[in-house]
Amino acid sequence: MLNKSQLAFDAKHIWHPYTSLVDPLPVYPVVSASGVHIKLKNGKELVDGMSSWWCAIHGYGHPILNKAVTDQLSKMSHMMFGGITHEPAVSLCQKLVEITPSGLDKIFLCDSGSVSVEVAIKMAFQYWHSLGNTKKKKLMTVRKGYHGDTFGAMAVCDPESGMHHMFHTMLSEHLFIDEPTSLFGEPLNDIDLKNLERAFEHNHTTIAACILEPIVQGAGGMRMYSSEYVKKAKELCLKYDVLLILDEIATGFGRTGKLFAADHAAISPDVMCLGKSLTGGMMTLAGTLCTEKVAHTICNGEAGVLMHGPTFMANPLACSVALASINLLETLDWQRNVDRIEHVLISELDDLKMHERVKDVRVLGAIGVVECHQSIDVAAIQHFFVEEGVWIRPFRNLIYLMPPYIMEKKDLKFLCQAIKKSLSISNNFMIQRDKHVI
Ligand SMILES: *Cc1c(COP(=O)(O)O)cnc(C)c1O
């Protein structure tokens, strides 16, 4: 159990995500978690609205997932993947080939979402290199995106909210198109169509790949856009010979109401990134899938191999629990659960559209977003939420929910009530300055 001096050590010595060691924000000591509840050191139980950054889709401590880890632990916890293979990796990959959009049947297992994006970028570059095309060196993407914190991934994050300014001398320059404005459920509007067509038409000779978060842009602004946009991007990629990379790290495994967000557009990319909820939030694992054409072109090229191989790739514990999580998704009827959550979020949050502090309310699948007019003081609102018994962590001007799929109606309502209360009590949570707190 953490004591006072350990907490002081934490504040002084340990970096949390996007935090200062000079002016640290409060952190809440957690002792355990079970189902949809997080238990704090002071005994308080919080209803979890975050799924630990969108990962813990089955809640915490699910007995089937725990068993998958302990069963594997008794055999081996880690094993190098160079020159060795094992059942957990093979079974997981068989499952991934079966459930992902058609044609994605070659898999690279790595250790985090950002790395899976690096691998996807590397695949695209090696693909064109193998074909002897030395002009296709840039990526194309849309503004307001987020693809991770490593340098390759950072270079395709939104240039304003991302870290382009500070790191610009170290980042590759890519082509940014304005973010999609056609909303989810609506047809592709003329502005988006023209932006897309023009970008492809004018730049295709230098573009290796187009990278998108399909349907939902996550940490870049929680925006939900038309499936026809994704469809059109696929069509233009085919027309102009550009690879399509879909980053499904946040959207994969049912979060948007389809197993993969690409399914909303009924298309298949050349390369797809998976991560976050892949292991049901039990441990870190990610994957980059590609088509046979991409894989074989890379391997028939100069290098003869895909030039990547992290130490912890295909960790057996992570692979075992990932397979168990996907099987659990199917047996627990994820579709019914996500539809049920969507229904409750719509009915609970929709009237906030009228609230003077609220700019927009968006719900899709098990994602509920309340976009405010002003940025939010994260530390202050977090304190309020913890007092209310919920774990919700807003960023910028966005208060959002991504609950575990197992959450029942009463807990969903409880989360929504806490958001409503936070908007009604005082102005204290709304600030003008835009701090990088996530
Ligand atoms: C979280 C996220 C990443 C980065 O994954 P990490 O595991 O944090 O490295 C990349 N792309 C998207 C869409 C994400 O949501």
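All values reported here derive from a predicted model rather than from experimental measurement. When a ligand or atom number is given, it counts from 1 through the structure's own listing order. When a residue number appears, it is its place in the shown sequence, counting from 1.
- Contacts of F125 classified as side-chain contact (heavy atoms from CB on, under 4.5 Å), with partners at least two apart in sequence or in another chain: I121, K137, L139.
- A ring-centre distance under 6.0 Å is found for H86 and F81.
- Looking at S161 and D158, their side chains do bring a donor and an acceptor atom within 3.5 Å of each other.
- Every residue two or more places apart in sequence or in another chain that forms a side-chain contact (heavy atoms from CB on, under 4.5 Å) with E118 is listed here: T150, A153.
- Considering only residues two or more places apart in sequence or on other chains, P29 meets the side-chain contact (heavy atoms from CB on, under 4.5 Å) condition with L2, L7, K41.
- A distance limit of 4.0 angstrom between heavy atoms and ligand 1 selects the residues W54, S112, G113, S114, Y146, H147, G148, E213, D247, I249, A250, K276.
- Defined by atom type and a distance below 3.5 Å, a donor-acceptor pair is present between the side-chain atoms of D149 and Y18.
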